[in-house]
Amino acid sequence: MIDPRLLRESPDVLRESQRRRGEDVGLVDRLVELDAQRRSLQMAYDDVRSEQKHLSKRIGPLQGAIKRGDTSAQGELDALMAEATGLAERVKAADAEAAEATRLAGDAWLRLSNVVDMRAPVGGEENFEVLETVGTPRDFTAEGFSPRDHLELGEMLKAIDVERAAKVSGSRFYFLTGVGALLELALLNLAVAQATRNGFIPVVPPVLVSPRAMEGTGFLGQAAENVYRIESDDMYLVGTAEVPLGGLHADEILPADSLPLRYVGWSTCFRREAGTYGKDTRGIIRVHQFDKVEMFVFCDPDDAEAEHERILRWERDFMDALEIPYRVIDVATGDLGSSAARKFDIEAWIPTQGTYREVTSTSNTTQFQARRLSIRTRTGDEVRPVATLNGTLCAMPRMIVALLENHQRADGTVSVPAALRPLLGLDVLELP
RNA sequence: GGAGGCGUCGCCUAGUCCGGUCUAUGGCGCCCGCCUGCUAAGCGGGUUUGGGGCAAAAACCCCAUCGAGGGUUCAAAUCCCUCCGCCUCCGCCA
């Protein structure tokens, strides 16, 4: 949800934002209309309701007087009652109209995406801008062997088992076994340790959430088709810890001196991956279920941009520690998702694909989620929504893909980056 | 899953049986001021949030807000219904 004042004072900003996203520009004008309607009908209700309250207030004492035997008040009482009864009808009607207008306006608000940061490159998925490329991809030709892809390596190491997972759960599932499982645990520990050092509070959140949390974080809009819904209980399986972490402080006013409030969540993530048939079908790059370590921050809106840079820095630190070549991209407006104003992805070099693939993503959702979830802070006398930001620290399968492929050796063994060695207890992943 | 208890403006709390005097009581905390060598205490005032009136700031006013939603009524914190959450006990269970 965006600031209602923006709609009234500068709808052009919203129109331009919608245009850059490639979303419905007319929605803005319908919202202006619905908002005006809502206000005028609410005002009409307020007035008639006020009248009713004043009238009602005079009835009690009159009834009291009559009860004490003062029959002279009877005439006045009857007149008041008659008037009040008629008024009650009008109140009811006005209430219904105002409620309907509020509902219509509310529905439209929920369809409006966050205002994009005007510095974000305009366009679709392919119109990202590369901000920086870090590290140098290995030259396997010079090393005298052609790299194996992560699935081949994973199978040789008995670390990844996709075939048997298909038996148990279907396509796009996997078992991590042996060193594969250990690798995930080591990555988890490395990530949480880094985040904790940086002042993040570690969290193990629920992954089954209410519609409120899902809608508040913006995942029931165009992203809804990728969400698993538990029909029988009206619950959702989260696609990221961003959802429960965002909801953590719903309906709260956070003390200004508690900000920024940083959480690092470790959770399983569930994604339907609708509309990705035929895409990344091999291996564990695109799966229905995986674990992820996610950073989530509540901060002062004026500090959000700087915090976004910090989160990106921490994501890069993690990649640097794992010695994986990567690039940082500024995601284009059409690929932001409804809640983000700006998004930076880190893409790891994947040798067997000869390209960079997304491994982390950090979004500045400004006050969009906070407004929906009613998460505010007090600055002096002013109460206003906080800003929220999120960023991947480590998405397990993709990080494992990047590790195996980039650090593989000619014989199929994999050297472990120094930062991970003490946590894994191994310098090399040997063939079993 | 069954039975019972509970949910009030940051925290605690009065009010709910019996609808109107609730403009929701009091305490704690917090803010402003007074008093005061300093601090503490004391005294006075303020202190839910949201939507509007209103282009902006202040003041003021209106409406909503007593877990949520609906109903009864001229009028609901209070009566009725549904739902949610918390606590206790029982059952089942990792």
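Proteins come first, then strands; the chains are lettered A, B, ... in the order of their sequence lines, and each starts at number 1.
For the OP1/OP2 pair of B:G52 and a distance below 4.0 Å, the side-chain nitrogens and oxygens of A:Arg8 include at least one atom meeting the criterion. Taking side-chain N and O atoms only, A:Ser50 has no distance below 4.0 Å to OP1 or OP2 of B:C62. Within the 4.0 Å cut-off from OP1 or OP2 of B:A64, at least one side-chain nitrogen or oxygen of A:Arg49 is found.
Taking atom P on both B:C79 and B:G91, the two are 34 Å apart, rounded to the nearest angstrom. B:U72 and B:C12 are spaced 34 Å apart, taking the C1' atom of each and rounding to whole Å. With both ends at atom P, the span from B:G85 to B:C74 equals 35 Å, rounded to whole Å. Going from the P atom of B:C17 to that of B:C81 covers 14 Å, rounded to whole Å. Across B:U25 and B:U78, the matching C1' atoms stand 15 Å from one another, rounded to whole Å. Comparing the P positions of B:C28 and B:A41 gives an interatomic distance of 11 Å, to the nearest angstrom. For the C1' atoms, the distance linking B:G4 with B:C62 amounts to 43 Å, nearest Å. Using atom C1' as the reference point in both B:G19 and B:A77, the two lie 11 Å apart (nearest Å).
Legend: residues meeting ring pair (Phe, Tyr, Trp, His ring centres under 6.0 Å) with A:Phe173, ordered by chain and number and at least two apart, are A:His288.
With both pairing distances under 3.5 Å, B:U36 is matched to nothing as a Watson-Crick or G-U wobble pair. Look at B:A57: it lacks any Watson-Crick or wobble partner with both distances under 3.5 angstrom. Across all strands shown, B:A94 forms no Watson-Crick or G-U wobble pair with both distances under 3.5 Å. Pairing for B:G10 is with B:C28, a Watson-Crick or G-U wobble pair whose two hydrogen-bonding atom distances lie under 3.5 Å. For B:U82, the paired nucleotide is B:A68, the pair qualifying as Watson-Crick or G-U wobble because both relevant distances are below 3.5 Å.
A:Asp257 places its CG atom 14 Å from the C1' atom of B:G10, with the value rounded to the nearest Å. Look at CZ on A:Arg5: it is 13 Å from C1' on B:C54, rounded to the nearest Å. Atom CD of A:Gln42 and atom P of B:G53 are 11 Å apart (whole Å). For A:Lys92 and B:G70, the NZ to P distance is 12 Å, given to the nearest whole Å. Straight-line distance from the OH atom of A:Tyr45 to the P atom of B:G53: 17 Å, rounded to whole Å. Rounded to whole Å, atom C1' of B:C22 lies 11 Å from atom NZ of A:Lys53. Distance, A:Glu252 CD to B:C11 P: 10 Å, rounded to whole Å. Atom pair A:Arg39:CZ and B:G50:P shows a separation of 18 Å (rounding to whole Å applied).
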Distance-only donor-acceptor hits, side chain of residues 384-396 of chain A, under 3.5 Å, sequence neighbours excluded:
unit_1, atom_1, unit_2, atom_2, d
A:Arg384, NH2, A:Asp300, OD1, 3.2
A:Arg384, NH2, A:Asp302, OD2, 3.2
A:Thr388, OG1, A:Thr365, OG1, 2.6
A:Thr388, OG1, A:Gln369, OE1, 2.8
A:Asn390, ND2, A:Glu242, OE2, 3.3
A:Thr392, OG1, A:Ser361, N, 3.1
A:Thr392, OG1, A:Ser361, O, 3.3

If you restrict it to nitrogen or oxygen atoms, what contacts under 3.5 Å exist between nucleotides 18-20 of chain B and the protein, and what is each distance?
unit_1, atom_1, unit_2, atom_2, d
B:G20, O6, A:Gln63, OE1, 2.5
B:G20, N2, A:Ser56, O, 2.7

Collect all protein-nucleotide pairs involving nucleotides 77-86 of chain B in which both atoms are nitrogen or oxygen and the distance is under 3.5 Å.
none

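Mapping A:Ile253 and A:Met81 onto RNA chain B by nearest heavy atom places A:Ile253 at the nucleotide closer to the 5' end. Nearest-nucleotide mapping onto RNA chain B: of A:Arg378 and A:Gln52, the residue sitting toward the 5' end is A:Arg378.
Listed here is the closest heavy atom pair of A:Phe296 and A:Gly246: CZ-CA, 3.5 Å.
Looking at A:Gln52 and A:His54, their side chains never come closer than 4.5 Å, going by heavy atoms from C-beta outward.
When the shell of 6.0 Å around CD of A:Glu9 is examined, it contains more than 12 heavy atoms from other residues, nucleotides or ligands. The number of heavy atoms from other shown groups lying within 6.0 Å of CD (A:Glu305) does not exceed 12. Crowding of A:Arg421 atom CZ: a count of heavy atoms from other residues, nucleotides or ligands under 6.0 Å exceeding 12. Within a 6.0 Å sphere centred on CH2 of A:Trp266, other residues, nucleotides and ligands contribute 12 heavy atoms or fewer.
Identified under the salt bridge (Lys or Arg N to Asp or Glu O under 4.0 Å) test for residues 361-373 of chain A, with sequence neighbours left out: A:Asp3-A:Arg371. Under the salt bridge (Lys or Arg N to Asp or Glu O under 4.0 Å) criterion, the residue pairs touching residues 22-36 of chain A are A:Arg8-A:Asp35, A:Arg15-A:Asp29, A:Arg21-A:Glu23, A:Asp24-A:Arg30, A:Asp35-A:Arg38, A:Asp35-A:Arg39, with sequence neighbours excluded.
Residue A:Glu83 is classed as having no contact, given no heavy-atom separation below 4.0 Å to the nucleic acid.
Between the side chain of A:Asp46 and the base of B:G51, a donor-acceptor pair under 3.5 Å is found.
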Are A:Lys292 and A:Thr240 close enough, and set up right, to give a side-chain hydrogen bond (donor to acceptor under 3.5 Å, both in side chains), and what steps lead you there?
CA-CA 8 Å; A:Lys292 178 159 65 69; A:Thr240 163; 2.8 Å; yes
Give the intermediate values and the outcome of side-chain hydrogen bond (donor to acceptor under 3.5 Å, both in side chains) for residues A:Asp161 and A:Thr177.
CA-CA 7 Å; A:Asp161 189 338; A:Thr177 56; over 6 Å; no
